[in-house]
Protein chains: 2
Amino acid sequence: MDSMTTPAVQASRGPVTRKDVARYAGVSTAVVSYVVNGGPKKVAPATEAKVQDAIRVLGYRPNAAARALKLGSSETLGLVVPDISNPFFALFSHAVEDAAAALGYALVLGNSDGNLAKERRNIRNLAARQVDGVLLASVLFEPDLEVLETAEIPSVLLNQERDAPGFNSIGVDLAAGARIAVEHLIGHGHTNIGLAMGTNVSGATDGREVGWREALQEAGLPEGPIVYSAFTRPGGYTAGQRLLASVNRPTAIFATSDMQAIGLLRAVHEAGLSVPGQMAVASFDGSAESEYSWPPLTTVEQPVAAMAEAAVAALVGASRGEKPRHRIFPTTLHVRQSCGCP
Amino acid sequence: MDSMTTPAVQASRGPVTRKDVARYAGVSTAVVSYVVNGGPKKVAPATEAKVQDAIRVLGYRPNAAARALKLGSSETLGLVVPDISNPFFALFSHAVEDAAAALGYALVLGNSDGNLAKERRNIRNLAARQVDGVLLASVLFEPDLEVLETAEIPSVLLNQERDAPGFNSIGVDLAAGARIAVEHLIGHGHTNIGLAMGTNVSGATDGREVGWREALQEAGLPEGPIVYSAFTRPGGYTAGQRLLASVNRPTAIFATSDMQAIGLLRAVHEAGLSVPGQMAVASFDGSAESEYSWPPLTTVEQPVAAMAEAAVAALVGASRGEKPRHRIFPTTLHVRQSCGCP
DNA sequence: CACCCGTATCTACTCGAGTCAACAGGCCAG
DNA sequence: CTGGCCTGTTGACTCGAGTAGATACGGGTG
């Protein structure tokens, strides 16, 4: 009875190739190609029907490797991130996968684990696999472009503020984003605002630190205490402890990532202080986690989906000969309760 | 000066092929292959040196598509998850990527977004790309195996309790895990323990519900209220609101995922109740997020890394003809503060 | 000196799909 | 009735790498 509903599957041996379809449909292999790809030559409707039928009955699926070999494109993009289990990169990866899938591209993922050697290895690996482009969220503020250059693959640098000539890059305006967050905190009447700054392998100064400083200067306020630590929950936790212990304890803190803020909240809670009453907090990223912390975090949201789309578009464009460009996206302040708003 | 440190790159046109290397080294293309792959025939040391030199100078990188076509294997694994931005799957993906990379495999990622059609499309896509195996975390408790079967690819079903004959599967003992968590809650003296149960596309009963019920029965306690909602933060949030509003409000709740628990915590905080004082909470997964919620969550930890390794090993084994098997991993209770422990 | 054998290398075919030049057949104009 | 043209179809070559089978070479033995 089952055999009546499902077409007889040619279980025989090995995968079905174009040749099998051609034989079954009584046509040449070229026609099968024309039908599958809708060109470049036209096929008579009756013939097309026969071929479609054969494809369905035999369960034919074109071999992507052969296709990639002939066309010189694997319809695949590579994404290298420091750590996919970081919610921000997870969100970003999802957006990239969506954007890539919409254009028929698959996504190969690589984690560099904050390790430069691993980042390089990943890139080389992707290059050997003939990916059509790679999206790189480097562990460095300023990535070493040499590997990318020698690999001769279209690429997009993510989260880069600096313009790297000859490369596509996508980033957000970190300084402006930090500024609106700090200004919002100032608007709540805070005069001593600390900074929990994330650190990176390279020593370059991050735009968020600049934005924090600018906002304070413009308001004529003194700089609050700064603590440098990792862009992680534990990093934020220790940063929080140190900030709370500092001689002039701030009444508000700007954290440079949501994860840091989450860790920071824990430190504040453990110290028995109320948020935002005794300690206001604002952070950066706009991840889903920030909405469900307690209290919910006021955070600077990055337009992740738009950035992912732009990154994929740049890659696809590059394979068509478009020239690289540098795009900076604006951020928006997402006001919740950790800052003091009701 | 730069040209002194880096070898003269044959920038000419197009990528370098085996033929170019052969010509440059003055040997045949076969020898180049033998050198690159270390076999299947031996090459004289002097010749090998010449070839290695040519490879370095020309920057030769074997074309993975051609290799995949000839060998029928792309050294690539596919991973299909409902949503990579779910911290649990993000963590899992990272572990899978690590395990795959260690064996020289690349990982292609696909999100199904809780959508069965998209899940199928992803699988078909991976099949066409000649991946050597796919890891599937289905949106269904009981996945439809048909797509996998017709695709004829080694596969591993993730998070499956049920044994699907002819398929590899990897899961945790959901019932046992839930039971230890609920037993722990009972140990704190709770007699009315609610359940925030996650739902799935299929209607099958989840082991966690079974475990919760078993623990209560064994202790001679009545069943607390159950609320069904999505396995997400918003899902946990609404579940929390409904549980708090139920006629016999529980004094403790077991949530079937960390994300639900996070949402639930928010609902409890908003209601002005203290955790664990007025409402104790325990959950399932053991994600990093659970450690930094307020209060930190007592949660049932899944051995993610071990499961990922086993899954990848099963796939690689399958391509060597090993027969499929079903593995269930044990969970461990990670005690923190949300249950009432100090 | 002819013969055999082992080693090193090369030639040529293969994988599956894309596509172009060549070709068959039908139709209409002259 | 023939020539030309348009439509549909086909055979054959190509992409780059793996490798079996053929071949060249050198050294030792009878």
Side-chain angles (χ1 to χ4, degrees), chain A residues 12-52 54-55 58-76 104 127-132 152, chain B residues 10 12-52 54-55 58-76 127-132 152:
Chain A
S12 57
R13 85 210 91 158
V16 184
T17 73
R18 185 179 64 163
K19 217 183 205 162
D20 302 321
V21 176
R23 185 171 15 236
Y24 187 97
V27 298
S28 77
T29 58
V31 175
V32 178
S33 264
Y34 297 151
V35 169
V36 169
N37 307 329
K41 303 234 173 136
K42 294 173 75 176
V43 174
T47 315
E48 161 144 19
K50 273 193 302 184
V51 173
Q52 292 285 18
I55 289 177
L58 301 179
Y60 168 68
R61 203 153 282 296
N63 180 318
R67 203 186 170 97
L69 172 58
K70 191 80 236 285
L71 300 181
S73 152
S74 55
E75 306 264 273
T76 296
R129 286 171 187 275
Q130 323 291 122
V131 298
D132 298 324
E152 281 185 7
Chain B
Q10 207 76 355
S12 58
R13 78 208 101 147
V16 183
T17 75
R18 186 178 64 163
K19 215 185 210 163
D20 301 321
V21 176
R23 182 170 18 230
Y24 187 98
V27 298
S28 77
T29 59
V31 176
V32 178
S33 266
Y34 299 151
V35 169
V36 170
N37 307 330
K41 304 225 175 145
K42 294 173 73 177
V43 173
T47 315
E48 162 145 17
K50 271 194 303 181
V51 173
Q52 291 286 19
I55 289 177
L58 301 179
Y60 169 68
R61 204 155 280 297
N63 181 320
R67 202 187 171 98
L69 172 59
K70 190 83 234 284
L71 300 179
S73 152
S74 55
E75 305 265 274
T76 297
R129 286 170 186 276
Q130 324 294 123
V131 297
D132 298 324
E152 282 184 7

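Values reported hereafter were calculated over all heavy atoms of this structure, with side chains retained and with hydrogens, waters and symmetry mates removed. Each chain gets a letter, A, B and so on, in the order the sequences are listed, and its residues count up from 1.
- In this structure, A/Thr17 reaches the sugar-phosphate backbone alone: every heavy-atom distance under 4.0 Å involves primed, P, OP1 or OP2 atoms, never a base.
- Of the side-chain N and O atoms in A/Arg67, one or more sit less than 4.0 angstrom from OP1 or OP2 of C/dG18.
- B/Ser74 meets the side-chain contact (heavy atoms from CB on, under 4.5 Å) test with B/Ala68, B/Thr76, B/Asp132; sequence neighbours excluded.
- We find that CG of A/Leu69 is positioned 11 Å from P of C/dG18, with the value rounded to whole Å.
- Considering all non-hydrogen atoms of both residues, B/Glu75 and A/Arg129 come closest at O-NH2, 3.0 Å.
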Worksheet item: Which nucleotides of nucleotides 6-12 of chain D have their base under 4.0 Å from a protein heavy atom (B), which only their sugar-phosphate (S), and which neither (-), written as one string 5' to 3'?
Response: --SBBB-
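- Considering all non-hydrogen atoms of both residues, B/Thr29 and B/Lys19 come closest at CG2-CA, 4.0 Å.
- The interatomic distance linking B/Lys70 (NZ) with C/dC15 (P) rounds to 8 Å, in whole Å.
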Show me the protein contacts with nucleotides 23-27 of chain D, counting only N or O atoms at under 3.5 Å.
none

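- When every heavy atom of B/Val16 is checked against every heavy atom of B/Tyr60, the shortest pair comes out as O-CD1, 3.4 Å.
- Taking the side chain as every heavy atom from C-beta outward, A/Pro15 and A/Arg61 never approach each other to under 4.5 Å.
- Between atom CZ of residue B/Arg23 and atom OG1 of residue B/Thr17 there is a gap of 7.5 Å, rounded to the nearest 0.5 Å.
- Between A/Ala54 and A/Ala25 the shortest heavy-atom distance is CB-CB, 3.9 Å.
- Put simply, B/Asn63 has no side-chain N or O that comes within less than 4.0 Å of OP1 or OP2 on D/dC15.
- In this structure, the CD atom of B/Glu75 is 14 Å from the C1' atom of D/dA17, given to the nearest Å.
- Distance OG/B/Ser33 to NZ/B/Lys41: 12.0 Å, rounded to 0.5 Å.
- Protein atom CG of B/Leu71 is 14 Å distant from nucleotide atom C1' of C/dG16, rounded to whole Å.
- With respect to A/Glu48, the side chain to side chain contact (heavy atoms under 4.5 Å, CB included) criterion is satisfied by exactly one of A/Val27, A/Val31, A/Val35: A/Val35.
- Atom NZ in B/Lys50 sits about 13 Å away from atom C1' in C/dC10, given to the nearest Å.
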